[in-house]
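To start, the structure itself, in structure tokens.
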2 protein chains.
Amino acid sequence: MFVNNGIKGNMTLILLSSLMDGEKYGYEITKEIARLTNDEILLKEGSLYPALHKLEKEGLTESFWQQQEPGKPGRKYYRITDNGRKTVEEERKKWSSFIGTMGRIIYGEQNS
Amino acid sequence: MFVNNGIKGNMTLILLSSLMDGEKYGYEITKEIARLTNDEILLKEGSLYPALHKLEKEGLTESFWQQQEPGKPGRKYYRITDNGRKTVEEERKKWSSFIGTMGRIIYGEQNS
DNA sequence: CTATATGCATAGAATGTCAATGTATATAGT
DNA sequence: ACTATATACATTGACATTCTATGCATATAG
């Protein structure tokens, strides 16, 4: 089977959306997205961690380490910020608009 | 005003869709897409021509030169091939599916 | 004489994503 | 004993895509 048909520049919206219902650690996000999408979107570490770090640098998320029982790897939790929430709102609108735009291109004029 | 909110990997589907209703030359495609999208998507030459050439290399389009009246620049017309039509069909399905997938991520479980 | 429009095109930079790899530990299977 | 898989972080380097800037050539408008 094939895997990611491509996130297509929507990584920010995907990650921030996932964090909207509570703080999560990286690995947890990938599992959650995989479950939600029936394994259609399997985030790779090479995409995930750079993207998460970028979000933090932009102030859309903040993070903190959480120790596990000894022997288990620590977890780095990410939490969405107020700016992040604003960005989600904007990106959702852009996405909706883009769906309409693509619809007009793909199916022609009569689309709204 | 801002311009392209990003074609985000949909250039192939955009161009092939535009060619579905008849052969067009490059410049014409940009004008047509701009009109259809109320200037939301303004294809740049640096994106357009490499993409058109790629489509041709992949056998999804074919092209031919058309001379204009003397003094006017010639036009290079692109025509979609049968393989191109098949690709449009596949890409449309992928796009629809991707809309659903993104919906589940953005708005949560209850989405179809 | 400058900008804008028509029409093609490329070079180089920036960006985004992925495959591959690395570090650790734990458990399950053969 | 060995191997695979799962958990958890992360980086490197390659590749693909898109954009900015530029170039050529002509014509018209301001």
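Chain A is the first sequence line, chain B the second, and so forth, proteins listed ahead of strands; every chain is numbered from 1.
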For nucleotides 8-14 of chain C, 5' to 3', base contacts (B), sugar-phosphate-only contacts (S) and non-contacts (-) with protein non-hydrogen atoms under 4.0 Å give BBB----
Partners of A/Arg85 by side-chain hydrogen bond (donor to acceptor under 3.5 Å, both in side chains), sequence neighbours excluded?
none
With B/Tyr25 via side-chain hydrogen bond (donor to acceptor under 3.5 Å, both in side chains) - residues at least two apart:
B/Arg75
Taken to the nearest whole Å, NZ/B/Lys24 to C1'/C/dG7 is 17 Å
Euclidean distance, atom CE of residue A/Met11 to atom C1' of C/dT15 [Å, nearest integer]:
13 Å
D/dT17 phosphate, OP1 or OP2, under 4.0 Å from A/Lys8 side-chain N/O:
no
Would you say D/dT17 has OP1 or OP2 under 4.0 Å from some side-chain N or O of B/Lys54?
yes
With the side chain defined as heavy atoms from C-beta on, A/Ile7 is closest, among D/dC19, C/dT17, C/dA19, to C/dT17
Can you check the A/Leu42 CG to C/dA19 C1' distance for me, whole Å?
14 Å
Starting from A/Leu36, walk the hydrophobic network (Ile, Leu, Val, Met, Phe, Trp, Tyr; side-chain heavy atoms closer than 4.5 Å) and list everyone else you reach, by chain and number.
none
Would B/Ile14 and B/Ile29 satisfy side chain to side chain contact (heavy atoms under 4.5 Å, CB included), going step by step from the backbone distance to the final call?
CA-CA 10 Å; B/Ile14 290 172; B/Ile29 294 175; over 6 Å; no
Please enumerate all residues that pass side-chain contact (heavy atoms from CB on, under 4.5 Å) together with B/Arg92, with sequence neighbours excluded.
A/Ile106, A/Tyr107, B/Leu13, B/Val88
Atom CG of B/Leu15 to atom C1' of D/dT17: distance rounded to whole Å?
13 Å
Rounded to whole angstroms, how far apart are CD on A/Glu56 and P on D/dA10?
9 Å
Sorted by chain and residue number, the side-chain hydrogen bond (donor to acceptor under 3.5 Å, both in side chains) partners of B/Ser63 (sequence neighbours excluded) come out as B/Glu56
Length of the line joining B/Leu43:CG and D/dT17:C1', which is rounded to integer Å
14 Å
